[in-house]
Amino acid sequence: MNMLMVRAKIKDENVADAQAATEKVIQALEQAHPADVRYTVSVLNDGVTLIALLQLNSDGSHPLATFPAYTELVEDLKQWYAEPPTVERMTVVGSYQLF
């Protein structure tokens, strides 16, 4: 399974905004219940670095690219970044009840 990992450092003054926007995306996903979407966002111990993991579609496409709450989050994040995010594709070689 192919995954996308995004690591983004957020400006101190925008951390609460980023977390609220992320919660909005999760709530929208819970309501829409799209099939086969696997997505998680966590904050590191520094309190300003977010790590997002997203399972890509079998054709490698981004399953949330057109999901309204997600596209709004991405646009807002552009203003909240303390530095450019790191985006990496990865392949899961093993997982237990995570994906």
Side-chain angles (χ1 to χ4, degrees):
M1 126 184 26
N2 291 317
M3 304 288 298
L4 188 68
M5 180 182 72
V6 179
R7 180 184 176 110
K9 192 169 191 176
I10 307 298
K11 296 174 190 169
D12 288 334
E13 64 270 18
N14 296 115
V15 170
D17 297 323
Q19 289 181 354
T22 298
E23 290 171 9
K24 183 178 175 183
V25 171
I26 298 299
Q27 289 172 356
L29 286 168
E30 287 173 347
Q31 289 177 356
H33 224 286
D36 299 328
V37 171
R38 304 285 183 264
Y39 177 64
T40 185
V41 179
S42 300
V43 64
L44 297 183
N45 285 340
D46 65 5
V48 296
T49 304
L50 298 178
I51 303 291
L53 297 174
L54 174 69
Q55 181 178 333
L56 298 173
N57 292 327
S58 59
D59 64 0
S61 64
H62 192 300
L64 297 178
T66 60
F67 194 73
Y70 181 80
T71 57
E72 183 180 330
L73 169 65
V74 170
E75 284 304 308
D76 288 339
L77 282 170
K78 291 176 184 177
Q79 303 166 45
W80 300 336
Y81 289 140
E83 55 192 47
T86 302
V87 180
E88 295 186 49
R89 287 182 179 248
M90 55 191 209
T91 301
V92 175
V93 295
S95 176
Y96 178 76
Q97 294 188 353
L98 185 57
F99 295 103

**Residue pairs passing the side chain to side chain donor-acceptor pair (under 3.5 Å) test where at least one lies in residues 56-65, sequence neighbours excluded** = N57-S61, D59-S61, H62-Y70
**Complete:** Closest non-hydrogen contact found for A18 with L73 is O-CD1, 4.4 Å
**Request:** Determine whether P63 and D36 make a side-chain contact, defined as any pair of heavy atoms from C-beta on separated by less than 4.5 Å.
**Result:** no
**Request:** Any chance you could measure L53, atom CG, to E88, atom CD, to the nearest 0.5 Å?
**Result:** 11.0 Å
**Asked** With sequence neighbours left out, which residue pairs that include part of residues 21-35 fulfil the side chain to side chain donor-acceptor pair (under 3.5 Å) condition?
**Response** K24-E72
**Item:** R89 side-chain N/O to G60 backbone N/O, donor-acceptor pair under 3.5 Å
**Value:** yes
**Asked** Which residues satisfy the salt bridge (charged side-chain N to carboxylate O under 4.0 Å, His left out) test with E75, sequence neighbours excluded?
**Response** K78
**All pairs passing ring pair (Phe, Tyr, Trp, His ring centres under 6.0 Å) where residues 3-30 contributes a residue, at least two apart** = none
**Heavy-atom side-chain contact between F67 and V37 under 4.5 Å** = no
**Message:** Nearest 0.5 angstrom please: T40 OG1 to Q55 CD, how far?
**Reply:** 12.5 Å
**Message:** My understanding is that only residues two or more places apart in sequence, or in another chain, count here; which of them pass side-chain contact (heavy atoms from CB on, under 4.5 Å) with D46?
**Reply:** L44, V48, T49
**Asked** V74 versus L64: any side-chain heavy-atom pair under 4.5 Å?
**Response** no
Show me, pair by pair, the donor-acceptor contacts under 3.5 angstrom made by side chains of residues 3-16, not counting sequence neighbours?
{"residue": "K11", "atom": "NZ", "partner": "Q79", "partner atom": "O", "Å": "3.1"}
{"residue": "N14", "atom": "ND2", "partner": "D17", "partner atom": "OD2", "Å": "3.2"}

